[in-house]
Amino acid sequence: MSRPPFPPFTEQTARQKVRMAEDAWNSRDPVKVSLAYTPDSVWRNRSAFFQGRDAIVEFLTLKWQRELDYRLIKDLHAFAGNRIAVRFRYEWRDADGRWWRSYGNENWDFDGAGLMQRREASINDIPIAGEERRFHWAAPGPRPDTVPGLDNTPF
């Protein structure tokens with residue numbers, strides 16, 4: 001199995017890879033998301049460490065059961081060879097109806113077939129009022145092209 005675009009990345013192909021990841025995560029489909037990773041992909045997400053697609057599916061299933069109305073934007077930060085660095089922001093609400101905005105950075109390493117073999121994510125959450133939300137597109141589903149990325153938005 002392969003997943004173009006393939007490394008080494010150009011700015012254009014790195015941006016394409018980031019948007020593809022954003023769209024997949026906004027689908028909130030753990031199996032679909034897991035297929036972008038190698039079968040033995042290694043993850044660090046916050047303080048959780050795990051490996052493999054089955055673990056990815058389990059992790060994402062639980063994540064989207066807790067993080068309701070999830071909407072995500074990812075932007076390219078840097079790239080070189082088979083690596084991409086991403087910054088992201090997402091909004092979600094908990095089961096009690098409280099809204100949160102999560103900020104983070106990811107480092108991605110890809111194999112030659114374009115599958116992610118390593119993902120390391122650092123994430124911070126802040127509570128927000130419902131009227132402070134910025135991400136309002138229909139979900140689940142991709143961010144519309146009319147909604148800008150993070151480059152020109154304040155924290």
Side-chain angles (χ1 to χ4, degrees), residues 3 5 9-37 41-80 83-110 114-116 118-155:
R3 173 109 9 166
F9 297 110
T10 64
E11 182 175 355
Q12 178 184 355
T13 60
R15 286 188 188 284
Q16 180 183 0
K17 201 71 150 174
V18 171
R19 187 59 190 252
M20 290 169 62
E22 175 189 310
D23 289 348
W25 281 64
N26 276 325
S27 77
R28 293 186 227 149
D29 180 337
V31 173
K32 176 181 179 179
V33 172
S34 76
L35 296 176
Y37 300 87
S41 184
V42 175
W43 277 38
R44 180 184 64 78
N45 195 89
R46 301 175 190 255
S47 61
F49 295 80
F50 50 93
Q51 183 172 2
R53 282 190 186 143
D54 290 342
I56 292 168
V57 170
E58 179 182 358
F59 172 83
L60 293 174
T61 298
L62 293 172
K63 172 186 178 66
W64 290 320
Q65 287 173 354
R66 283 187 323 271
E67 296 179 358
L68 308 172
D69 294 323
Y70 175 96
R71 290 169 179 84
L72 165 75
I73 296 178
K74 292 181 182 275
D75 270 350
L76 176 66
H77 182 68
F79 68 95
R83 295 182 174 161
I84 296 176
V86 173
R87 66 189 189 101
F88 62 88
R89 190 174 310 151
Y90 63 93
E91 294 178 349
W92 55 282
R93 69 173 174 83
D94 63 26
D96 294 324
R98 292 177 299 223
W99 283 95
W100 298 85
R101 185 172 298 127
S102 300
Y103 297 89
N105 299 291
E106 293 176 306
N107 295 315
W108 300 344
D109 292 358
F110 292 87
L115 296 172
M116 197 181 304
R118 183 176 195 90
R119 175 186 175 268
E120 296 185 21
S122 297
I123 307 167
N124 300 96
D125 305 311
I126 62 166
I128 60 171
E131 58 271 11
E132 294 177 284
R133 291 179 52 222
R134 298 182 184 145
F135 303 165
H136 297 280
W137 64 86
R143 170 175 53 101
D145 291 336
T146 56
V147 176
L150 302 177
D151 286 341
N152 298 313
T153 61
F155 288 108

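Lys17 is listed as a side-chain neighbour of Arg3, based on a closest heavy-atom distance under 4.5 Å. Asn105 has its side chain out of reach of His77: every pair of non-hydrogen atoms, C-beta onward, lies at least 4.5 Å apart. Side-chain contact check for Arg19 versus Arg143: some heavy-atom pair is nearer than 4.5 Å. At a threshold of 4.5 Å between non-hydrogen side-chain atoms, the residues Pro5 and Gln12 do not count as touching. Using a 4.5 Å heavy-atom threshold, the side chains of Asp69 and Trp99 count as touching.
The distance from the NE2 atom of His136 to the CD atom of Glu91 is 6.5 Å, given to the nearest 0.5 Å. How far OH of Tyr103 is from CD1 of Ile126: 4.0 Å, rounded to the nearest 0.5 Å. Glu22 CD to Leu72 CG: the interatomic distance, rounded to the nearest 0.5 Å, is 5.5 Å. Expressed to the nearest 0.5 Å, how far CG of Leu35 lies from CE of Met116 amounts to 13.0 Å. Rounded to the nearest 0.5 angstrom, Leu60 CG and Gln65 CD are separated by 11.0 Å. If you take CG on Leu150 and NZ on Lys74, they are separated by 10.5 Å, rounding to the nearest 0.5 Å.
Other residues, nucleotides and ligands contribute over 12 non-hydrogen atoms within 6.0 Å of the CZ atom of Arg93. Remark: Arg83 CZ is loosely packed, at most 12 non-hydrogen atoms of other residues, nucleotides or ligands lying under 6.0 Å away.
Checking each of Tyr90, Phe88, Phe135 against Ile73 for a side chain to side chain contact (heavy atoms under 4.5 Å, CB included) leaves exactly one that passes, namely Phe135. With Val18 as reference, Ile84 is the one residue of Ile84, Asp23, Thr13 to meet the side chain to side chain contact (heavy atoms under 4.5 Å, CB included) rule. The one candidate from Glu106, Arg44, Arg46 that meets the side-chain hydrogen bond (donor to acceptor under 3.5 Å, both in side chains) condition with Ser122 is Arg44.
Within the 3.5 Å criterion, the main-chain N or O of Leu76 finds no donor-acceptor partner in the side chain of Arg15. Although no hydrogens or angles enter the test, the distance criterion places no donor-acceptor pair under 3.5 Å between the side chain of Ser34 and the main chain of Ile56. Looking at Asp94, its side chain does come within 3.5 Å of a backbone N or O of Asp96 through a donor-acceptor pair.
Side-chain polar atoms of Asn107 and Arg118 form no donor-acceptor pair below 3.5 angstrom.
Nearest heavy-atom pair across Ser27 and Pro140 is O-CB, 3.6 Å. Nearest approach of Thr61 to Pro30, heavy atoms of both residues: OG1-CG, 3.4 Å. Here the shortest heavy-atom pairing between Ala55 and Phe50 reads CB-CD1, 3.7 Å.
Sequence neighbours left out, not one pair with a member in residues 51-60 passes side chain to side chain donor-acceptor pair (under 3.5 Å).
Using a 30° and 60° split on the angle between ring planes, Phe110 and Trp108 fall in the perpendicular class, above 60°.
The ring of Trp92 has its center no closer than 6.0 angstrom to the ring center of Tyr70. In summary, the aromatic rings of Trp43 and Tyr37 are positioned with their centroids under 6.0 Å apart.
Using a cut-off of 4.0 Å between Lys/Arg side-chain N and Asp/Glu carboxylate O, Glu132 and Arg101 are scored as not salt-bridged.
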